[in-house]
Amino acid sequence: MAVQETTYRDALRLALSEAMSADNSVIIMGEEVGRYGGAYGVTKDLIKEFGAERVIDTPISEAAIVGAAVGAAMTGLRPVAELMYVDFIGMTMDQLANQAAKIRYMFGGQIGVPMVLRTQGGTGRSAGAQHSQSLEGYVMHTPGLRLAMPATVEDAYHLLRQSLQQPDPVVFIEHKGLYTMKGTLDPNNEPAEWGKAKLLRDGGDLVIVTYSRQVHHALAAAETLASQGIEAAIVDLRTLNPLDFDTIGPLVERSGRAMVVSEGAMTCGVAAELSARITEECFDYLEDPVVRVAGEDIPISVSPLLEQNSVPTPELIVETARKLFT
Amino acid sequence: MKNTSLPQLYEDMRRVRTFEERVGELFVRGQSAGSMLHLSIGEESAAVGVCAQMRDGDTFTTHHRGHGIFLARGADPNRMMAEIAGKETGYCHGKGGSMHIADMGLGHLGANAIVGGGIPAVVGAGLSARHKKNGAVSIAFFGDGATGQGILYESMNMAALWELPVVFVCINNQYGMGTRIDQATANPNLHERAAAFGLAARTVDGLDVEEVADAAADLIEGARAGKPAFLAVDCYRFFGHARKDKSPYRDAAEEEVGRKKDPVLQARDKLIEAGLMSEADLDALDQKVAAEMDASIDFAVAGEEPQLKSMFRDVYDPSQPEPEPVRTRLDRILAQG
């Protein structure tokens, strides 16, 4: 791989293509992944490179796509199943939560399920209540499933390559609002370790813990806050399982203030878990309650105005941070 | 090739029957792990007839009533009984039990406690076989209850569409828990549904194990050659859904008729009639099997309990850190300030 300016989408495709070239057991299966090239174009032309037996167009049968991936993973393949929208995860939940997540445990460690379920979620395309959700909480609540959510072009590539090396099932949730985002892939940069969070910006006044597209909202907010004299550290979790609390804890202890930002609905969401963890582990160091800036507890509307205001915005992050210092 | 002679089929069915009877005893003695025990008495011909036609390298999944299938495929009754008792010495170290037993060595990709839950895995195993060109067939065993689950139809369609080496075996024991097949489905000719998907589909009478074995031979070999199949085996569930179920939803007269459809006794009579085995031979064989299965209870009861710390093992691969126990976390949190 050469140094290249690319997009989140093309970085994902590169990761898939390289993994398939390196390992004949890697297959892709899902709706529209072959001839159509993926609903968001991630698997474009892979069928030409690797053939229809390794890039498998499936019927619209989400449960069986995941279930077949489970069986394929148990018998020696490394399937990448694609769920076109994370909103369809309910269709697959038995295969994902009762089968993939529990097989190693139920069978006493005899076998794992080394599969990747690629999907995408989040708002940003006026796609409505059934195509715009952030359902990572469902996955994070299920022991046995790893969960990766790349925010950057580099992570789109590296986290996907790393997911394909994992011995356990990985749910890999992309953000539909990031596919056209540009960035640089430099093979000379050592990739961040799997399971480790990344400090993207340092700042001693406040720690903002986030992931996926909200990383960019938080970074934008941090610029505004800096101009107003508040220095925020931004932590990109990258993976929610494993959850790297070792990176979060010392930063919170240093500044005494923490904010968690997530697009998922606030109640019982990822932000709730992170907030509880920080509060429990760093209680003696906290100057203020840990604040959650999360998705509203409502469905997502088609109206762009309503949609945008259903999830955290840079403005809300700035506004909330400022209140911590008044 | 496996021996598919009637004496062998009889012995295999007798082993299943006696094993299941001992599972019932284990429960009565209070030595089983819970009461979620689903016996396959009356259904032995399906397990034995189909498994007799499987080869090394073939894989399979079963439903929750799967003891007989696993045993027929070559499982060790000691380790099975120990698993049913929740012991460390069981196939899954006591974590799976009756409904989540598996053994990769024998190609058992797992029993399943979700109705229909194990079916799509055989589609994936079929994809693997096609990819590796290893000639393996993968077989999903499930009950008539699973014909109410959409995942069966998704899976049959994929298997047919991709011409995978897959066989769907529906053991129609007439009941999904307490609901009889005619109360749950408008068309009880289940193979017709499979045929509509383009599968080679048949129904056989489970009374005759040789009939099951012959049909399975045809369909499995067809599947190996890329013609996936569906086989319904008609039988009768002699006892309740699970150990505590006394079947109040069906009347005694029906049970009496149903239990006459006994594939084990039918095979026994056939052996005597054909002069292949004498009554004395059969009695001796039954006693040998009884002793083997008695020993499995002793093995299970004597087995050690899993260690408490094993509960955090195998959530993830052994190369990964185990989940932090709640107690450890609480101790750390409460030790602050």
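Letters A, B, ... mirror the listed sequences (proteins, then strands); counts begin at 1.
Proximity of a side-chain donor or acceptor of A:Q110 to a complementary backbone N or O of B:M104 within less than 3.5 Å is detected. With B:K132 contributing its side chain and A:L77 its backbone, the two residues share no donor-acceptor pair below 3.5 Å.
Residue A:I27 touches chain B through its side chain alone, counting heavy-atom pairs closer than 4.5 Å. Contact annotation for A:E53: both backbone and side-chain heavy atoms come within less than 4.5 Å of a heavy atom of chain B. Interface remark: A:N241 contributes side-chain atoms only to the contact with chain B (heavy atom separation under 4.5 Å). With a threshold of 4.5 angstrom between heavy atoms, B:D103 approaches chain A through its backbone and through its side chain. No part of B:M99 comes within reach of chain A, as not one of its non-hydrogen atoms sits under 4.5 angstrom from that chain. In this structure, the portion of A:M29 lying under 4.5 Å from any heavy atom of chain B is its side chain and not its backbone. Using a 4.5 Å cut-off between heavy atoms, A:R78 makes no contact with chain B at all. Neither the backbone nor the side chain of A:I60 comes within contact range of chain B; no heavy atoms are under 4.5 Å apart. Contacts of A:E281 with chain B are made by both backbone and side-chain atoms, with heavy-atom separations under 4.5 Å.
A cation-pi arrangement is not found for A:R104 relative to B:Y316, the charged atom failing to lie both closer than 6.0 Å to the ring centre and inside a 45° cone about the ring normal. Taking the ring centre of A:Y105 as origin, the terminal cationic atom of B:K95 falls inside the region bounded by 6.0 Å and 45° from the ring axis.
For the pair A:P59/B:L161, a side-chain contact is recorded, criterion being any heavy-atom separation below 4.5 Å from C-beta on.
Nearest heavy-atom pair across A:N24 and B:H131 is O-NE2, 2.9 Å.
With 3.5 Å as the limit, one finds no donor-acceptor pair spanning the side chains of A:Q166 and B:D317.
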